[in-house]
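Here's the structure, in structure tokens; my notes come after.
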Amino acid sequence: MEQITHKGRIVAIDPEITTIEIVSEAACASCHAKGLCGLGEQQIKQIEVRTDAWHPRAVGDEVEVVLKKAMGYKAVFIAYGMPLVVLFVALMLLGALGVGELWSGLGAIGAVAVCYFVIFLFRNKLSKEYTFYLK
């Protein structure tokens with residue numbers, strides 16, 4: 001089973017949920033000259049992982065967070081692929097209906113906004129599908 005792993009640090013522990021802080025670095029973050037060029041970026045992300053209460057962990061422990069690679073591909077499709085398809089379909093459909101270019105473009109952007117709003121409405125359902133595990 002292919003997996004996506006990230007190293008992180010525990011920042012909070014509740015009986016059922018452990019909050020993990022992951023530092024996401026750019027590809028050039030390990031370069032020795034990153035301080036000179038300023039292109040190296042770091043982002044700190046916090047994720048919540050369902051954990052067992054009996055497993056001994058403490059705040060500050062280094063852990064490895066695991067997600068199935070298929071779930072990562074699905075997330076990329078939902079976030080980028082689906083809105084792209086909606087954009088092209090709306091643009092082609094409005095263009096075929098004889099709507100002007102300006103209104104076709106604005107309508108396609110509006111369709112993408114509606115697509116992202118629908119994704120936002122289903123965020124709780126989607127978050128239950130994406131389960132992270134601790135290694």
Side-chain angles (χ1 to χ4, degrees):
M1 177 171 59
E2 294 184 13
Q3 301 173 338
I4 299 170
T5 61
H6 292 285
K7 293 189 184 221
R9 186 176 51 86
I10 297 176
V11 292
I13 298 176
D14 291 332
E16 295 178 3
I17 294 176
T18 301
T19 304
I20 312 291
E21 186 175 79
I22 296 174
V23 177
S24 178
E25 298 179 347
C28 59
S30 62
C31 177
H32 67 280
K34 72 178 179 180
L36 297 174
C37 71
L39 295 177
E41 295 180 13
Q42 283 188 344
Q43 292 180 347
I44 297 175
K45 299 175 185 175
Q46 288 190 352
I47 60 168
E48 293 179 347
V49 180
R50 294 187 184 274
T51 53
D52 297 326
W54 58 269
H55 207 301
R57 289 197 165 74
V59 174
D61 286 354
E62 296 287 326
V63 293
E64 199 166 326
V65 181
V66 179
L67 177 70
K68 291 180 186 175
K69 194 175 251 187
M71 288 285 117
Y73 290 139
K74 185 176 178 183
V76 168
F77 174 74
I78 290 172
Y80 301 111
M82 207 166 60
L84 182 66
V85 169
V86 168
L87 177 82
F88 282 130
V89 168
L91 192 59
M92 294 299 136
L93 183 64
L94 291 171
L97 291 174
V99 178
E101 288 181 6
L102 174 66
W103 294 110
S104 293
L106 292 174
I109 291 172
V112 171
V114 169
C115 179
Y116 277 118
F117 182 69
V118 170
I119 291 170
F120 174 76
L121 292 177
F122 285 99
R123 70 187 181 276
N124 291 331
K125 184 179 180 190
L126 289 171
S127 70
K128 291 177 184 171
E129 288 184 33
Y130 294 93
T131 54
F132 291 91
Y133 302 97
L134 295 180
K135 218 177 201 184

Next item on the list: With sequence neighbours left out, write down each residue that passes side chain to side chain donor-acceptor pair (under 3.5 Å) with E21, or none if nothing qualifies.
Entry: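 E21: side chain to side chain donor-acceptor pair (under 3.5 Å) contacts with R9.
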Notebook entry, point to check: By side chain to side chain donor-acceptor pair (under 3.5 Å), which residues pair with K7, not counting sequence neighbours?
Noted result: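 Once residues adjacent in sequence are excluded, K7 has no partner under the side chain to side chain donor-acceptor pair (under 3.5 Å) criterion.
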Check: So which heavy atom on A108 is nearest to which on L94, and how close?
Finding: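 So the two residues come closest at N-CD1, 4.0 Å.
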Next item on the list: Compare every heavy atom of A79 with every heavy atom of P83, then report the nearest pair and how far apart it is.
Entry: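 What the structure gives for the nearest pair is CG-O, 3.5 Å.
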Item checked: Contact list for residues 84-96, test salt bridge (Lys or Arg N to Asp or Glu O under 4.0 Å), sequence neighbours left out ->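 Of all non-adjacent pairs touching residues 84-96, none passes salt bridge (Lys or Arg N to Asp or Glu O under 4.0 Å).
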Next item on the list: Kindly state each residue pair satisfying salt bridge (Lys or Arg N to Asp or Glu O under 4.0 Å) with at least one member in residues 74-99, sequence neighbours excluded.
Entry: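 For residues 74-99, and leaving out neighbouring residues, the salt bridge (Lys or Arg N to Asp or Glu O under 4.0 Å) pairs sorted by first residue read K74-E129.
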Check: Rounded to the nearest 0.5 Å, how far apart are CD of E64 and OG1 of T5?
Finding: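 Separation between the atoms: 4.5 Å.
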Which residues pass the side chain to side chain contact (heavy atoms under 4.5 Å, CB included) test with [X], sequence neighbours left out?
X	result
M82	F77, I78, C115, I119
I109	none
I10	I13, T18, I20, R57, D61, V63
L93	L97

Next item on the list: Check the surroundings of atom OH in Y116: do more than 12 heavy atoms from other residues, nucleotides or ligands lie under 6.0 Å from it?
Entry: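 Count over threshold, so yes.
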Check: Would one find more than 12 heavy atoms of other residues, nucleotides or ligands at under 6.0 Å from atom CD of E101?
Finding: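 12 or below, so no.
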Margin query: Check for me, please, whether L87 and V76 land in the same ILVMFWY cluster - side-chain distances under 4.5 Å, paths through other members count.
Written below: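 The answer is no; the residues belong to distinct hydrophobic clusters.
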Margin query: I'd like to know if the side chain of S104 reaches the main chain of V99, judged simply by a donor and an acceptor atom lying under 3.5 Å from each other, with no hydrogens or angles considered.
Written below: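 Indeed, once roles are kept as given, a pair shorter than 3.5 Å links the two residues.
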